[in-house]
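A quick write-up on the structure given underneath.
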Amino acid sequence: MSKPTLIEAAKQLAAYTAVDRHLLPQHKIIGIGSGSTVPYVVERIVAQGADANKHRVFLPTGHQSKELIVQGGLTLGDIDQYTDLDLTIDGADEVDADLNCIKGGGACHLREKVLAEAAETFIVVADYRKNSHILGTNYKVGVPIEVTPFAYARLLQTLRRIGSPLAALRMAKAKAGPVVTDNGNFVIDAPFPESHLRNPPALLQELKMLTGVVEVGLFCGMAKAAYFGNEDGSVAVRWDDGTKDTIQGAGA
Ligand SMILES: O=C[C@H](O)[C@H](O)[C@H](O)COP(=O)(O)O
């Protein structure tokens, strides 16, 4: 097997470490996020063995995580049946100093937010590029906003007026037309200036009030901890109380 790139290795390290530290034997209902870091989360969960996983149920945040759960031989469940989760682990597009996150680069943030909110503990895993002081520093695409298709044109106009002149409908790559989410909605990417992104909870509140907005990819005050795989093989951990630690030689 070829050696993973630095970034893939960092994602794997963060995911493995978070699973090792947070998925406890007593945890039965677990939310699985979406994105390119999450396959490593599932890989590490599967590696805990059939015995550890036999009484567990895993809830997906979208088509991708559903496939990962099924392919991993894990038991699939849904939020309809299990409304209280022990733990949700998910990736992020960027995380700020207060653990506010931009999520939705893969258009999964509505379901991700439902499972993050329903969980006793929500943990974020990412590589070092996502570890920021202020949102929008590295992730320039904008805040992902899932909107009902009927309202998108009007919402674009409103978003451009309230501080995001470059707000744009997300277009599909291998299909003519817009990205359609797992919920049948569209996504607008709305880049905001630093003045707005310095206060993500206020921006979230403003955006959620707009008619036609289904969910905003700003996760504020939700994560208990964020794990960032570093280039040097260490993992930086930031907690919701402001404390930090670094784990050397993690995820072996
Ligand atoms: O909609 C997608 C999700 O919010 C992902 O968790 C986020 O985009 C991060 O994905 P990745 O781990 O691929 O950077």
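Whatever order the structure lists ligands and atoms in, that order sets their numbers, starting from 1.
- More than 12 heavy-atom neighbours from other residues, nucleotides or ligands sit within 6.0 angstrom of NZ on K175.
- Scanning all protein heavy atoms for the shortest distance to atom 12 (O) of ligand 1 gives T37 OG1, 2.7 Å.
- Atom CD of Q48 has more than 12 neighbouring heavy atoms from other residues, nucleotides or ligands inside a 6.0 Å radius.
- Counting heavy atoms of neighbouring residues, nucleotides and ligands inside a 6.0 Å radius, atom CG of D84 does not exceed 12 of them.
- Residue contact annotation: G104 has a non-hydrogen atom under 4.0 Å from ligand 1.
- Atom 2 (C) of ligand 1 has as its closest protein heavy atom G106 N, 3.0 Å.
- Heavy atoms of P144 found under 4.0 angstrom from ligand 1: none, in either backbone or side chain.
- Taking the ring centre of Y40 as origin, the terminal cationic atom of K11 falls outside the region bounded by 6.0 Å and 45° from the ring axis.
- The pair E94-K130 does not meet the salt-bridge criterion, since no charged nitrogen lies less than 4.0 angstrom from a carboxylate oxygen.
- Between F228 and Y128, a ring centre-to-centre spacing not shorter than 6.0 Å is recorded.
- For atom 10 (O) of ligand 1, the nearest protein heavy atom (residue, atom name, distance) is G35 CA, 3.8 Å.
- Residues E120 and K224 are not paired through a salt bridge, judged by the lack of any N-O separation under 4.0 Å between the basic side chain and the carboxylate.
- Across G33, A126, A14, S34, heavy-atom proximity to atom 5 (C) of ligand 1 is greatest for S34.
- Distances shorter than 4.0 angstrom occur between a heavy atom of K130 and an atom of ligand 1.
- From the protein, the heavy atom lying nearest to atom 13 (O) of ligand 1 is S36 OG, 2.5 Å.
- Contact annotation for D90 and ligand 1: only side-chain heavy atoms (C-beta onward) come within less than 4.0 Å of the ligand.
- With a 6.0 Å radius and a threshold of 12 heavy atoms from other residues, nucleotides or ligands, R160 has its CZ atom above the threshold.
- For atom 7 (C) of ligand 1, the closest non-hydrogen atom of the protein is D93 OD1, 3.4 Å.
- Atoms of ligand 1 lying under 4.0 Å from any heavy atom of G91, numbered from 1 in the order shown and given with element: 6 (O).
- Protein heavy atom closest to atom 3 (C) of ligand 1, with residue, atom name and distance, is E112 OE2, 2.9 Å.
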